[in-house]
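Sequence lines set the chain letters: A, B, ... in the order given, protein chains first and strands last, and positions in each chain run from 1.
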Amino acid sequence: MVYCSIRMDVLTSLNPSQREAVETTSGPLLIIAGPGSGKTRVITNRIAHLVTSCGVSPSNIMAVTFTNKAAREMRLRIQEIMGSACAGLTVGTFHAICCRILRTDGKAVGLSPGFVVYDDDDQINLIKQTLQELKLDPKQYSPRSIQSSISAAKSRLLTEQTHAESVSSYFEEIVQRVYQRYQSLLSLSDAVDFDDILLKTVHLFQANPDVLARYQEQYVHLLVDEFQDTNMAQFELVKLLAGKHRNLCAVGDPDQSIYSWRCADVRNLLSFNNEYPDATVVMLDQNYRSTKTILKAATQVIASNTLHKEKDLWTENAEGKPVVMSECLNEKDEAQKVIAIIDKLVQRDGLSYGDCAVLYRINAQSRALEEGLMRFGVPYRLVGGTRFYRRQEIRDIIAYLRVVHNAHDSISLARIINTPGRGIGQGTLTRLQTRASENGESLYDALSYTAKRTDLAARASNALSRFLALIDGIIERSQELALPELIEEILVRTSYRAYLMERDDGEDRWENVQELKTVAADYADLAPREALPMFLEKVSLVSDTDEMNGASDVVTLITLHQAKGLEFPAVFMIGMEDGVLPHRKSFDDPAAMEEECRLCYVGMTRAQKYLFLSRAHRRNLFGNGLANPPSRYIERISPDILTARGLWGEDDVDLSGALYTQPLAYGVSDEEFRVGDWVYHKKFGQGVVMDCFPDKNDLVITVSFEDSGPKRLLLSLAHLDKIERFDSMP
DNA sequence: CGAAAGGCTCTTTTT
DNA sequence: GAGCCTTTCG
């Protein structure tokens, strides 16, 4: 009975190609899934189908995603369909799954089960230390570029040995030297970086056929989402795992490949058939998300890409409103126009704030928006600002916890050795690091040796001994304390609160620390020995605090990259300028330019009903003003589906039907008010007209005042005087 | 040692 | 306009 209803649900509501994707259960399968084509439904239904109709045990299925959020959502959706029947399913990110494999079987590649994972900040610190040791100038060889070279090498499965053979430039030679030393420092700290997690898993499988065979037998069915974002190491891993049963389902869209700068290789998707000539290919080309107009505009933008595989996206959705392109004076004007439109969508078109999202190329663009939204009292959330686990105070506490877990974690020890300040300066730290490096020991070893010597300057020696006692004391207590108490112990013993409170924003930071304790409370009931490693694993593989409550009704500010996979009824793409989108750093690289175009495509296809584009004639970025030409993507959109809105809003009148149906200028006696006019009010001072529309015999004017923010006023009562002022916002 | 001051750089950032 | 680094001085 249960099975029957599941089956109905699984198969009846799918279109023919979705159905084919779900029902093709054996052999390699490639699903090309255009934006809004019901990809997630296909994936989840396919898994449900495997279990309920084909009798596959959930424990024989692995589904891989790129983000924890995607993994969580996938599991949730599967649970909705199958209930508890999905127990035992492996759903996770590449990194989480590989970490688990390495904790169990990593001994074979020289890893202890307790290894820590360094994130990219730790990596940068380690590289800086390496540069110092090798007497290389970090200005000449920026730690960031070396890090990305090492990361690129690792994602191509090049170890510090095999990389040596491919060195072909002086810079690569430098990278090679750093790579070697970097790797030995990692191993001294019993640490791996993100790339190692994949690399070492591949090596584990390659060198240990018996281990590989075990996993191959367990995972009869493999499914990989966002396949266009996989790198070589990830594809290799998947090929190994699928080596026996060959039931590999790859899902992706080459047009949404926007992470090549992170070594993602879209060829994995495009040449899937070279690896698996017998693969079934299913194209999901019906779009359920956007209006015909939006889909057409997006298709026009990407059509000229050489990498674009001709596929005809189509939809049964309504024609919809034209795409709107707004010209703005500067980024403040742009923000204001966006907010004015949002206001109208909410006031007149039945949308809510949560239906609106503003998408941009670079994070710096969010600032003008935030200022505007705050000023007008519009609620918003900024996605991915400084993320929780990136905050200094959080990283400090985690560094303490890592040292407690593994005293030989030298990067974490270096971080906290003088945080809060305890008189151990750069000089002393460098001396310790030099000693450690000369003896091939950890920083902790160097510390305990040096602290016990008496022939050192008394001040430094005292400080070191006290620090050593502090750490050892906490380590001892950690045996018996539950995780939240352990954190509390660290905070108390280091007077961390007092340290934070010396800063202006200390209060906020302290709240973050309390938040960390709340997260740790989930581990309170576990034995101290187990809780700490589990907690550290979680925080090192997690990017955000569990994605803020999606329920709140607020405008979303988000980068184009982060918006991939999301959808909103109304989307605003700001900064449609050559130099911003496409970004000027991509100008001289044709491949990068195509990626910029895909980025634009990804942004446009997030929109369900309304798509607003805008550009500023002058834009202040990083202190200096720039005049960018309009984005080259604008002219690819045919005029019949694009409404241009001039600098002063003259073209607003007929803008997208219900919007802007009211003329924007009204005469009341001899005064005339238009959006953008500056006005003076006796009590509120000066402000700018955001909106006005007639009501009975009066005129309702929304004015944003410089001092008191937005106010809705009746003209007959308000006594507004027009004033001269050219800037759109102070 | 560490606070203060000045110089430099700034695309995107799933783990 | 912020964050990070180096330099300088007490």
Side-chain angles (χ1 to χ4, degrees), chain A residues 64-72 92-99 117-125 128 137-139 142-144 147-148 151 154-155 192-198 225-226 228-231 233-234 256-264 359-365 367-368 371 383-387 389-390 392 418-430 457 459-460 463 502 537-544 547 558-566 575 579-587 589 592 595-596 598-600 602-603 620-624:
Chain A
V64 192
T65 62
F66 274 84
T67 66
N68 291 302
K69 192 177 156 218
R72 207 161 42 230
T93 63
F94 274 106
H95 291 83
I97 290 173
C98 288
C99 241
V117 179
Y118 279 178
D119 67 17
D120 30 346
D121 274 338
D122 300 318
Q123 289 179 52
I124 293 288
N125 286 332
K128 282 179 188 161
D137 180 9
K139 269 187 211 136
S142 88
R144 189 132 302 279
Q147 189 269 331
S148 71
S151 174
K154 286 184 175 178
S155 67
V192 299
D193 64 21
F194 279 136
D195 302 303
D196 280 338
I197 295 175
L198 304 172
D225 195 12
E226 304 284 13
Q228 76 280 354
D229 291 336
T230 52
N231 63 29
Q234 287 159 335
Q256 295 184 64
S257 152
I258 53 174
Y259 282 104
S260 73
W261 51 277
R262 291 207 64 158
C263 304
L359 277 49
Y360 39 82
R361 178 67 176 83
I362 60 174
N363 281 310
Q365 286 174 268
R367 172 175 248 115
E371 282 170 8
V383 178
T386 319
R387 285 167 307 179
Y389 289 106
R390 286 290 168 95
Q392 264 180 43
N418 201 32
T419 308
R422 46 176 76 91
I424 304 172
Q426 189 56 54
T428 310
L429 178 58
T430 307
R459 191 156 62 127
E502 285 168 18
E537 173 114 349
K538 180 194 152 76
V539 299
S540 62
L541 292 181
V542 113
S543 59
D544 242 315
E547 284 305 314
I558 191 169
T559 63
L560 288 163
H561 283 90
Q562 293 188 107
K564 193 180 70 166
L566 305 179
V580 179
L581 182 65
H583 197 275
R584 54 172 46 78
K585 290 230 161 150
S586 300
F587 281 170
D589 178 353
E595 185 148 315
E596 297 285 324
R598 292 193 292 271
L599 201 48
C600 184
V602 166
N620 270 311
L621 263 183
F622 308 125
N624 36 14

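For B:dT13, one of the phosphate oxygens OP1 or OP2 lies less than 4.0 angstrom from a side-chain nitrogen or oxygen of A:Gln562. Regarding contacts with the backbone of B:dT11, every side-chain N or O of A:Thr559 stays at 4.0 angstrom or more from both OP1 and OP2. In this model, the phosphate group of B:dT12 is approached by a side-chain N or O of A:Asn363 to a distance below 4.0 Å at OP1 or OP2.
Between the CZ atom of A:Arg361 and the P atom of B:dT12 there is a distance of 7 Å, rounded to whole Å. When rounded to the nearest whole Å, the span between CD1 of A:Ile362 and P of C:dA2 equals 15 Å. Atom CD in A:Glu595 sits about 15 Å away from atom P in B:dT11, given to the nearest Å. Atom OH in A:Tyr118 sits roughly 25 Å away from atom P in B:dT13 (whole-Å rounding). Atom NZ in A:Lys585 sits about 9 Å away from atom C1' in B:dT9, given to the nearest Å. Between the CZ atom of A:Arg584 and the P atom of B:dC10 there is a distance of 13 Å, rounded to whole Å. Going from atom CZ of A:Arg144 over to atom C1' of C:dC4 covers 12 Å, rounded to whole Å. In this structure, CG of A:Asn231 is placed 14 Å from C1' of B:dT13, rounded to the nearest angstrom.
Contact annotation: the side chain of A:Phe66 never approaches that of A:Lys564 to less than 4.5 Å [non-hydrogen atoms, C-beta and beyond]. With a 4.5 Å cut-off on side-chain heavy atoms, A:Phe94 and A:Thr230 count as touching. Under the 4.5 Å side-chain criterion, counting only non-hydrogen atoms from C-beta, A:Lys154 is in contact with A:Asp196.
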Using the rule given for salt bridge (charged side-chain N to carboxylate O under 4.0 Å, His left out), can you reason through A:Asp120 versus A:Arg144, listing the C-alpha separation, both sets of side-chain angles and the distance that settles it, and then say yes or no?
CA-CA 9 Å; A:Asp120 30 346; A:Arg144 189 132 302 279; 5.2 Å; no
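Side chain of A:Arg367, nearest nucleotide from B:dG2, C:dA2, B:dT12: C:dA2. For A:Thr428, taking side-chain heavy atoms from C-beta onward, the closest of the listed nucleotides B:dT11, B:dC1, B:dT15 is B:dC1. Relative to the side chain of A:Pro138, the nucleotides B:dT15, C:dA2, C:dT6 differ in distance, and C:dT6 lies closest. Here the side chain of A:Glu596 is nearest to one of B:dT11, B:dC1, C:dC5, namely B:dT11.
Residues A:Thr67 and A:Gly425 both approach DNA chain B. Their nearest nucleotides, taken by heavy-atom distance, put A:Gly425 toward the 5′ side. In this structure, A:Ser540 and A:Gln426 both approach DNA chain B, and ranking their closest nucleotides by distance from the 5' end singles out A:Gln426.
Of the possible donor and acceptor atoms, none in the side chain of A:Glu371 sits under 3.5 Å from a partner among the backbone N and O of A:Ala368.
Residue A:Asp195 is out of contact with every strand shown, counting any heavy-atom pair closer than 4.0 Å. Contact annotation for A:Phe94: no contact, since no heavy-atom pair falls under 4.0 Å across all strands. A:Gly427 comes within contact range of the sugar-phosphate backbone alone, with a heavy-atom separation under 4.0 Å but no base atom that close.
Donor-acceptor pairing under 3.5 Å is lacking for the side chains of A:Gln147 and A:Ser151.
Of all nucleotides present, none satisfies the Watson-Crick or G-U wobble test against B:dT12 with each distance under 3.5 Å. In this structure, B:dA5 and C:dT6 make a Watson-Crick or G-U wobble pair, each of the two defining distances being under 3.5 angstrom.
Here A:His95 does not pack flat against the base of B:dT15, since the 5.5 angstrom centre distance and 30 degree tilt limits are not both met. For the pair A:Phe622 and B:dC10, the ring geometry qualifies as stacking, because the centroid separation is below 5.5 Å while the planes lie within an angle under 30°. Remark: ring of A:Trp261 does not overlap the six-membered base ring of B:dT13 in a stacked fashion, as centroids less than 5.5 Å apart with planes less than 30° apart are not both met.
One donor-acceptor pair, N or O on each side, does fall under 3.5 Å between the base of B:dT15 and the side chain of A:Arg262.
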